[in-house]
Asker: 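Sharing a structure, written as structure tokens. Questions coming.
This is a predicted model, so every value here is computed, not measured. Whatever order the structure lists them in is the order used to number ligands and atoms, beginning at 1. Keep in mind that the numbers below use all heavy atoms, side chains included, and drop hydrogens, waters and symmetry copies.
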Amino acid sequence: MFVRRGQTRPTLTRWSLPLHAVLLSPPLVFALSTIPGVRPHEGYSFLLDGLLNNLAYESAAALCLLRTLQIAGPRRGGYLLSAALAVYGSGNVFWTIFVRPLPDQPYPSGADVGFLLFYPSIFVSLILLAQRRDARHARSLWLDGVVGGLAVGAVAAAAVIGPIVSASGSWAAVATTSAYPALDLVLLLVLAAVLSLYGWRPPKGLWLLAAGLVVFVVADLAYLFETAQGTYTSGGPTDGVWVLGVVLMGFTPGWPSAPSGPRLPGWALLSIPVLSTLVALAVFVVDHLHPLHPVAVALAAAVVLSALGRLLFTFREVTRLAEHRELAMTDELTGLGNRRALYRRTPELLAAAGPDTPVALLLLDLDGFKEVNDSLGHQAGDSLLRDVARRLREVADAPDTVVARLGGDEFAIARIGAGFAPAQELADAIHESLMQAYTLEGVQVRARTSIGISVLPVGSAELPTLLRQADVAMYHAKTRHLGTFAYTVDVDEFASGERLETAELLRADIAARRLLLHYQPKVDVATGAVDSVEALVRWQHPRRGLLMPDAFLPVVETAGLMEDLTRAVLEQALDQAAAWWRAGRPLAIAVNLSASSLGDQDLPDRVSKMLTERQLPARLLEIEITEDFLMVDRERAQGILEGLRARGIRIAVDDYGTGYSSLAYLRELPIDDLKLDKSFLTDLMADTRALAIVQSTIMLAHSLGLRLVAEGVEDEATSRELAAAGCDVLQGWLYAKALPAHELERWLTEHDPSAVANRPLTTPVLTASPGGPS
Ligand code: C2E
Ligand code: CA
Ligand code: CA
């Protein structure tokens, strides 16, 4: 071939229309001539049946070739179809020239070779067409084709085979005669299969081929009928129908290959096996009344069997599909739905609810999950997530609720029909359940959760909006330690727009050591003297002014900047301590260490190096850790703390008594100070139980050789009470807020130690034994 595949011939395109007209005229004229009453006289006409009929067949083949050459795509199927039509036409030519003139026409003859050769070539071109389809649902569709084809075959056999075979003749004649309907049957079968492969939305050309084949088969059957009954006449309507079928086939190439028509709904596809089975049943019923040819009954039985097979196959396919769907929508770790499930199921539930029904979305984020992962390892992190998922399911699972893990330690719960109050209740229930301790790798761990709530009426609720609002609310809850926060517009702007920017600003300011440290004095109850201060970090935001730690530490945490911040605070605090030390003021500074610093095994060495660089005695540094620090990984924490203490650094346990841990660790760990959480002081004056707790805690601390520090002391009465109870150190606004270094210096010069030293003489038996380096 001199035309490369993919090219079209411009000349052909220009001549396309006239060529079509020329090639279509013989078959159309011939077909018209076969309409009863049109012919001038009955019987064989040389002009019509000898010439025009043969010309019509060859024109159809030529038309097919012309259209094939005009297309740009692969042409194999088109060439083959042209060949099939040409072969069929040549059978007709052979019959006209060599068989018809014979006085005793042989049957079968050479003409039948041409006619029969038509089948394999058309089969191959059909298969070629079918191969172009990707085989995703190929099998079930093929089965549909088989079922449908068998059903058509059963009907055809019931109607035709009986009468045909009863006509006597030689074995070869009977075989040939049976071959046509059998091959037609197979042809219909393959055709149905190919069409079903396209989901019954084949390219238009394929519909033409199908139509042509059906017309052709109809003519075949009519011919068989007529010959069996001796009513066939040359040039009759059957000849015309044959030609029309062949012309339709010739039109096949050159149609756009895009699927035609609307996609059929699922039930339409299933209707093929169902209808086919009904047809088969009809054949059985008819056979019962009027015995049909065994082939027809056998075919009907085959329909039922194959329809059954199709059903089983569909069942398997559907279960597998459901499994895939299930897998695709399930979070592997926890078995909850995943983000996809949330996106799929929530709109489904929304669609089923009235427009005014409220929908609540709760977004959960575990606090400090990263620490668990970093310190206890991923396995512990995974098992924590599984536990959380299990509890969430227990608390929240319901038919109108989607519980999903969005990734990491983030979970979402969508509940249809829940307004603000039920959402808040749900959040409370979740907090309560998730607050219970988890046992991971033999370690008891507690995890707090921040929950953001978004509530919208279903009518205006879009999942992305819900998620965004809940995210904003969750972030707000996290930053403010609110536990739960329901979305309001006024918190939105900062949370969504500035979060990223905030992290970047922080990163830069931490790196440049531009964080501000304020210092809050700790007052010794016995002497009233101030020999240590706590460094509390502040951040000067370019627009929002001076920010307290609660406003930006969560950003530091989530941006993974906590280790950098700790290092920066340590350096700046030690710089300040060194300055005071050189100025003749030996003031110890306490630095807060977040639980994230647990990842840093080299901390003791690094801190000790910082001290030597500044020629500072180690006793001028105190590290404050919270109980979380201990909870996440006891052994690791113990290692780091021992390392620090071995170098002479003091250790304090901050926020003591917030209820997170056992007392057991107090004995095992190297601790100097216990800082009673300020929440205990709130009711100290009114609540005798609170006082009892404080008193017993002080006793406990002392019995373990620890100093007890009370923080958050705001008034005289409380300070007196604490002093009476045996508290060693007091810290709080009563004395001073956290102050910049120079303001603290002024405060120190004005501070009157005697005003504090009102500790009663009746101290507990076990007095404070300040730890310090041994
Ligand atoms: P904290 O370590 O428990 O610090 C004590 C907090 O109580 C400080 O809040 C302090 O200003 C406040 N406070 C002091 N006296 C009183 C009082 O009489 N009444 C009341 N109501 N509050 C008082 P601040 O500075 O906002 O710090 C909050 C938390 O931020 C700290 O709690 C600490 O956990 C964290 N933080 C502060 N600086 C750092 C730091 O450099 N690194 C790390 N990792 N965390 C820090
Ligand atoms: Ca502290
Ligand atoms: Ca504290």
Side-chain angles (χ1 to χ4, degrees), residues 367-368 370-371 448 478-481 506 509-510 513-523 530 532-539 546-577 588-600 603 607 621-629 650-658 660 671-684 709-719 722 727 729-740 743-744 747:
D367 300 343
K370 188 176 168 292
E371 283 76 71
R448 264 188 276 214
K478 215 180 193 72
T479 18
R480 309 286 145 104
H481 297 291
L506 265 171
D509 282 1
I510 289 170
R513 303 290 183 261
R514 275 199 295 265
L515 295 177
L516 300 175
L517 290 188
H518 285 187
Y519 302 92
Q520 186 176 37
K522 297 178 179 180
V523 179
V530 173
S532 71
V533 294
E534 179 180 7
L536 292 161
V537 69
R538 271 90 182 99
W539 180 39
L546 189 69
L547 298 184
M548 292 288 127
D550 287 356
F552 64 90
L553 284 187
V555 185
V556 171
E557 191 80 61
T558 43
L561 295 170
M562 195 45 100
E563 274 190 46
D564 295 350
L565 177 125
T566 301
R567 196 170 307 185
V569 169
L570 272 168
E571 281 182 18
Q572 291 179 245
L574 289 179
D575 282 341
Q576 184 58 58
I589 295 185
V591 170
N592 290 282
L593 213 62
S594 113
S596 334
S597 312
L598 204 55
D600 191 0
L603 190 77
V607 173
L621 177 63
E622 185 167 30
I623 296 293
E624 290 191 14
I625 54 155
T626 55
E627 289 174 333
D628 307 5
F629 186 100
R650 295 172 59 85
I651 313 283
V653 171
D654 204 351
D655 301 345
Y656 179 76
T658 36
Y660 268 22
I671 302 168
D672 302 291
D673 291 353
L674 216 53
K675 288 188 82 176
L676 188 69
D677 189 68
K678 52 180 173 284
S679 60
F680 286 98
L681 306 196
T682 329
D683 300 325
L684 199 59
V709 182
E711 62 175 353
V713 183
E714 293 184 358
D715 54 77
E716 283 288 353
T718 305
S719 90
L722 286 165
C727 203
V729 179
L730 301 177
Q731 181 186 353
W733 294 347
L734 172 65
Y735 308 104
K737 294 203 167 183
L739 303 167
E743 280 185 48
L744 179 86
W747 181 87

Asker: I need the atoms of ligand 1 closer than 4.0 Å to a non-hydrogen atom of V713, numbered in the order shown.
Answerer: 18 (O)
Asker: Any sub-3.5 Å donor-acceptor pair from Q572's side-chain atoms to L516's backbone N or O?
Answerer: no
Asker: Between Q731 and K675, is any side-chain donor less than 3.5 angstrom from a side-chain acceptor?
Answerer: yes
Asker: Counting only heavy atoms, which portion of Q520 has something under 4.0 Å from ligand 1: side chain, backbone, both, or neither?
Answerer: side chain
Asker: Tell me whether K522 is salt-bridged to E622, with the criterion being a basic N under 4.0 Å from an acidic carboxylate O.
Answerer: yes
Asker: Can you tell me the N, O or S atom of E534 that's nearest the Ca ion (ligand 2)?
Answerer: OE2
Asker: Got a second to check how far W539's CH2 is from L515's CG, nearest 0.5 Å?
Answerer: 8.5 Å
Asker: Minimum heavy-atom separation for E711 to D655, with atom names?
Answerer: OE2-OD1, 3.2 Å
Asker: Tell me whether E534 reaches ligand 1 (any heavy atom closer than 4.0 angstrom to a ligand atom).
Answerer: yes
Asker: Contact between ligand 1 and K737 is defined here as a heavy atom of the residue under 4.0 Å from a ligand atom; is it met?
Answerer: no
Asker: Could you tell me, atom by atom, which parts of ligand 1 come under 4.0 Å of a heavy atom of P549?
Answerer: 24 (P), 25 (O), 26 (O), 27 (O), 28 (C), 30 (O), 37 (C)
Asker: Measuring from the Ca ion (ligand 2), name the closest N, O or S atom belonging to D654.
Answerer: OD2
Asker: Between atom CZ of R538 and atom CG of L547, what is the distance when rounded to the nearest 0.5 Å?
Answerer: 10.5 Å
Asker: Please state which option from M562, Q572, R538 has its nearest heavy atom closest to atom 25 (O) of ligand 1.
Answerer: R538
Asker: At less than 4.0 angstrom from any non-hydrogen atom of G712, what atoms of ligand 1 do you find?
Answerer: 16 (C), 17 (C), 18 (O), 19 (N)
Asker: Indicate yes or no: does R448 engage D367 in a salt bridge with an N to O separation below 4.0 Å.
Answerer: no
Asker: Just to be sure I read this right, does ligand 1 sit under 4.0 Å from the backbone of T626, its side chain, both, or neither, counting only heavy atoms?
Answerer: neither
Asker: In E624, the N, O or S atom nearest to the Ca ion (ligand 2) is which?
Answerer: OE1
Asker: Can you tell which part of L553 has a heavy atom less than 4.0 Å from ligand 1: side chain, backbone, both or neither?
Answerer: side chain
Asker: Pick, from V569, L730, D654, L515, the option with the minimum heavy-atom distance to atom 41 (O) of ligand 1.
Answerer: V569
Asker: When you compare the side chain of F552 with that of V537, does any pair of heavy atoms fall below 4.5 Å?
Answerer: yes
Asker: Can you tell me if A738 has a non-hydrogen atom under 4.0 Å from ligand 1?
Answerer: no
Asker: Using only atom types and a distance under 3.5 Å, with no angle test, would you say the side chain of E534 pairs donor to acceptor with the backbone of P521?
Answerer: no
Asker: Out of E711, E557, K678, Q731, who is nearest to atom 6 (C) of ligand 1 when you count heavy atoms only?
Answerer: K678
Asker: Does any N or O in the side chain of W747 come within less than 3.5 Å of the main-chain N or O of Y735, such that one atom is a donor and the other an acceptor?
Answerer: yes
Asker: Are L722 and L681 side-chain neighbours, meaning at least one heavy-atom pair lies under 4.5 Å?
Answerer: yes
Asker: Closer than 3.0 Å to the Ca ion (ligand 2), do we get an N, O or S atom from D655, backbone or side chain?
Answerer: no
Asker: Side chain, backbone, both or neither: which part of D655 has a heavy atom under 4.0 Å from ligand 1?
Answerer: side chain
Asker: Identify, by atom number and element, the atoms of ligand 1 in contact range of V537, meaning under 4.0 Å from any of its heavy atoms.
Answerer: 37 (C), 38 (N), 39 (C), 40 (C), 41 (O)
Asker: Confirm or rule out an N/O/S atom of N592, from backbone or side chain, lying less than 3.0 Å from the Ca ion (ligand 2).
Answerer: yes
Asker: Find the distance between CZ (R650) and CG (D672) and round it off to the nearest 0.5 Å.
Answerer: 4.5 Å
